[in-house]
Amino acid sequence: MKSILENLNEVQREAVQQTEGPVLILAGAGSGKTRTLSYRVAYLMDSNKVDPAHILAVTFTNKAAREMRNRIEALVGNRLSALWIGTFHSICARILRIESEHLGYSKNFTIYDVDEQVRALKKIIGLLSIPQQLYSPKMIQNRLSRIKNQFLYPEDREQGKPADELDIYMPDIYRRYQNYIIENNALDFDDLLMKPIELFERFPEIRKKYANKFKYVLVDEYQDTNHAQYLFIKKLVSGHHNICVVGDEDQSIYGWRGADINNILNFSRDFPDAKIFKMEENYRSNGKILAAANAVVENNKARIGKKLWTNKPAGDKVSLFCAVDDREETKHIVDIIHDQMFTHKRSFKDMAVLYRTNAQSRIFEDALRKNAINYTIVGGVKFFERKEIKDLLAYLKLIVNPHDSVSLKRIVNFPLRGIGEITVNKIEKFAEIENIILFEAMGRVDEIAAISPAMGARVVEFYKLIKSFIGLSSEMSPVELVSTLASETGILNHYKTEYDQYESESRVSNIRELFRSVEEFTEEKNKDGKPATISDYLEEVSLLTDVDTWNSNNNAVTLMTLHSAKGLEFPVVCITGMEMGVLPLQRNTADMEELEEERRLLYVGMTRAQEKLYLSYAKTRKKFNNVVDSVASLFIDEIPVDLIESGTEALSQRETIKKNRSSARRKKIQSYFQAGQSSQEADSEFKIGQPVYHATFGKGKIKCLEGSGDKMKITVFFTDENIEKKLIKKYANLTPIES
DNA sequence: CAGCTGTATCTTTTT
DNA sequence: GATACAGCTG
């Protein structure tokens, strides 16, 4: 083990050896934090003779978990199946599978993703008299998720005064939604975090059991934990305080998802005896890249503060390219890739193209394909979110958990079997009266007077089909089950024959890919001597992240969002779309905290680069349907001029540029904050009775205004067409005119 | 009452 | 530029 410690620098070594008590490791980008965590676990086992079953390590993605496990196994020289490593969600799911009965769930509970949450919410919202149109189910899902991430119950929300009209309904929606998904034997992503805490609070002996099991707890990316995750960890370690968290406040980029940067900022207040280690030596990036990244992030106020340094060569300056439009920016990226290949002998996999929003990926995709450049996209339309895959998974979910009526309703009439919404509603009503689950009600459909025998026969046929698969699921291997399912239900055939050839081929090959994925999972699981079940597989795929499905060994240029890039590194990185409105992204309401999070996002992106960093922006960009003019991001003004090399600006002008930058930057910050208010100012141009012009409907008069800002709904009576239309301001493109 | 067709809706980041 | 939903038709 001594030789292992020699592979670490001094701070890393101290952090590894401080095994007892609370430890906070402030690890800058590229400072070797995964390495330190891995060594720490190996050290615990090797030097302190800690049984791996007593260690829990929480990572941000499954990919990071897998990598860390491999590293530790390499260090200690054997396979460690007893060691718990995983994301918060997968660790919590694992605990809940063991303890679910205490909370009124059965072991085979289903995990609902956002799409299924929304489906469940739509049903609930339908029962309530909420001023519809004003609040979309997606909005409600978002808000509910935030509430649950703060570990709040419906009754907590009833106290305190509501922030707006929707808030009045939230406790009721929350309570009904929760009852509904319990009936479905389902948990959503947020429940996975909440329920273990609830479990620990209601059953102290269970809390004790896990606190005793996990004598050493490690948490990676601590800056991105939310309140529920914080509580979970706190309860787990309350006895022994052997907690080691690693994080970097400058890389906190999930505030919008409820992550609380204060968890890391206040760690030493929560654990007053905490030992703090600062890892400031960067082993990843060349000097100039690091200096540029430092210069940007230093503008943030909400930080503990550290100064990264490196022993690596200074390297090249950061390249900046100003394109006329987004097409030219794309062409520039293609040129960079060619140049890096031919003059610097790099391969595709050395390069990454990063952007703020997934929508920006399409234009790069097209260009790379045309230029025969291999690429992989992380995120965007995810494999497991494709319709054909979700359909098959819904069948599997129903077979594993017949209580799951959200999945049932998804597939009851797919492929078409003549069972429509009205029939389902009747059965649902019957199920409520009889107090049975929807699936069982289908087996007793003959008792429902309102359903004709002919329709009843179809329903029973579906019921029997699923029943037979429930029987088969214990006899067949997961792969056999899935492939039999695809052919017996007619799904495979449906996709083979319907649609045009191109679409059909891609859908069928996706289904084949799913078979392969099931097979691979089963094999992997069997290696550890545990027979894999469909239920295990479903859990695995519901908790996958985008990055988890990314194969870094493929020789391809990687395209992904700045968020997805966290934790990764590439020799060459291109950050695109560096304009006001894109990075930082323009929202309706802007505040300083959000601007700082955007700045951290760029910092994360810049520090991914090892040897060469390219920044680019476009003066005009196609957004929605029209072309938008934009100016360079204010963050560009924060990078010292001597670290930038720009093909478009003459070097002699550097001094003048230097002078103008700080005032330019100030103006941009102002405009960023004013943009939110300007929509309110703009509201004033729309009043009831105001004549307006619309590109498709012609002239009209405003009849009614609802809501405010970009989401304002405007009802217009169009005189030319003699029709009334309800339009959303943001998309309608209405122009006020003189009458 | 199921199933198709056209129109409205919407793009922030993700477990 | 895709998807969801409403409204129409058989």
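In what follows, chains carry the letters A, B, and so on, assigned in the order in which the sequence lines appear, proteins first and then strands, with residues in each chain numbered from 1. Model, not experiment: these values are computed from the prediction.
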Between P of B/dT15 and CD of A/Glu116, the distance in whole Å: 15 Å

Pair of N/O donor and acceptor under 3.5 Å linking B/dT12 base with A/Trp256 side chain: no

Selection from B/dT15, B/dA2, B/dT12 that lies nearest to any side-chain heavy atom of A/Thr423: B/dA2

Modelled atom types, side-chain donor and acceptor of A/Asn149 and A/Asp190, under 3.5 Å: yes

Sugar-phosphate, base or nothing in reach of A/Lys122, heavy atoms under 4.0 Å: sugar-phosphate

Euclidean distance, atom NZ of residue A/Lys63 to atom C1' of B/dT14 [Å, nearest integer]: 17 Å

Over 12 non-hydrogen atoms of neighbours within 6.0 angstrom of CZ in A/Arg327: no

Any A/Ser564 side-chain N or O less than 4.0 Å from OP1/OP2 of B/dT14: yes

Given A/Lys138, A/Lys122, A/Gln141, the one that forms side chain to side chain donor-acceptor pair (under 3.5 Å) with A/Gln117: A/Gln141

Closest-nucleotide ordering on DNA chain B, the 5'-leading residue of A/Leu585 and A/Glu421: A/Glu421

Touch class at under 4.0 angstrom, heavy-atom based, for A/Ser542 against every strand present: nothing

Touch class at under 4.0 angstrom, heavy-atom based, for A/Ser90 against every strand present: nothing

Rounded distance (Å) that lies between atom P of B/dT13 and atom OH of A/Tyr355: 10 Å

Working for salt bridge (Lys or Arg N to Asp or Glu O under 4.0 Å), residues A/Glu329 and A/Arg621: CA-CA 10 Å; A/Glu329 185 185 35; A/Arg621 180 179 294 278; 3.0 Å; yes

A/Lys426, nearest nucleotide to its side chain (from B/dT15, B/dC1, B/dT12): B/dC1

Distance test, side-chain N/O of A/Asn358 to OP1/OP2 of B/dT14, below 4.0 Å: yes

Value in whole Å for how far the P atom of B/dT14 lies from CD1 of A/Ile377: 12 Å

Length of the CZ-C1' vector between A/Arg458 and B/dA2, whole Å: 8 Å

Spacing between A/Asp224 atom CG and B/dT13 atom P, to the nearest angstrom: 16 Å

Residue mapping more 5' on DNA chain B - nearest nucleotide basis, A/Tyr254 or A/Ile422: A/Ile422

Length of the CD1-C1' vector between A/Ile419 and B/dA2, whole Å: 11 Å

Per A/Leu416 side chain, nearest of listed nucleotides B/dA2, B/dC4, B/dT14: B/dC4

Short side-chain N/O contact from A/Asn413 to OP1 or OP2 of B/dA2, under 4.0 Å: no

Between C1' of B/dT15 and CD of A/Glu221, the distance in whole Å: 14 Å

Touch class at under 4.0 angstrom, heavy-atom based, for A/Asp113 against every strand present: nothing

Residue A/Glu198 excluded, over 12 heavy atoms near CD under 6.0 Å: yes

Within-4.5 Å side-chain heavy-atom neighbours: A/His494 and A/Phe414: yes

A/Ala359 side-chain proximity, nearest of B/dT14, B/dT11, C/dG1: B/dT11

Per A/Met455 side chain, nearest of listed nucleotides B/dT12, B/dA2, B/dT15: B/dA2

Nucleotide nearest A/Arg362 when distance is taken to its side chain, options B/dT15, C/dG1, B/dT13: C/dG1

